[in-house]
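Taking it in order: structure first as structure tokens, then the write-up.
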Amino acid sequence: MFRKIHFRLADKRFLSEVNVALGPIWNGFLAKCRSVMVHHPRKVFAVMILSIGVSLLVLAKDIFALKEKEVGSKELGKVSGSHWSGDGFYEGLEGISATAAKMRQNLMVSKKIDTLLGKDQLSPQDSIWLLQALKTLER
């Protein structure tokens, strides 16, 4: 059972077993989809256009939504009851990019530390830089 859950893509036996088990279901589903698309092409096209339009409207509302005004004089903090506001999305992207930049900087500093520690003898400038780099990594 463990092998079936944690399979490798190179394991052809497991994939063939899955194909044998789910093949008829998948083929029946594809046949029904083909039948609907052949017999009702205008309706399928209309549904496709409507779904694209709805997704564009949701995206536009998310991007261009105005901040909701605070209700009352008490500041309750920023709580987003609905996910229609684009502020959280952009704050999340900024947080991800800031974290990635910090990780890149830490990797560069750790590589420099490894090269300095690999030397046989450190110069005074290297030891000062090493102490400062270790302090920045501790933060």
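Keep in mind that the numbers below use all heavy atoms, side chains included, and drop hydrogens, waters and symmetry copies. Sequence positions, counted from 1, serve as the residue numbers for this chain.
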Q.
Could you measure the distance from the CG atom of L50 to the CE atom of M48? Nearest 0.5 Å is fine.
A. 11.0 Å
Q: Output yes when a side-chain donor or acceptor of T99 lies under 3.5 Å from a complementary backbone atom of G95, and no otherwise.
A: yes
(Q) To the nearest 0.5 Å, what is the distance between CG on N106 and CE on M108? (A) 10.5 Å
Q: Drop me the distance from N27's CG to L22's CG, to the nearest 0.5 angstrom.
A: 10.5 Å
Q.
Evaluate K112 against V109 for side chain to side chain contact (heavy atoms under 4.5 Å, CB included), listing each step before the verdict.
A. CA-CA 5 Å; K112 180 74 173 178; V109 168; 5.7 Å; no
**Q.** Pairs meeting criterion side-chain hydrogen bond (donor to acceptor under 3.5 Å, both in side chains) with involvement of residues 116-135, two or more places apart
**A.** K119-D126, S123-D126
**Q.** For L117 against L130, the heavy-atom pair lying closest together
**A.** CD2-CD2, 3.8 Å
Q. Is any side-chain heavy atom of R104 closer than 4.5 Å to a side-chain heavy atom of L107?
A. no
Q: Treating Ile, Leu, Val, Met, Phe, Trp and Tyr as nodes and any side-chain heavy-atom pair under 4.5 angstrom as an edge, say whether I113 and L122 lie in one connected cluster.
A: yes
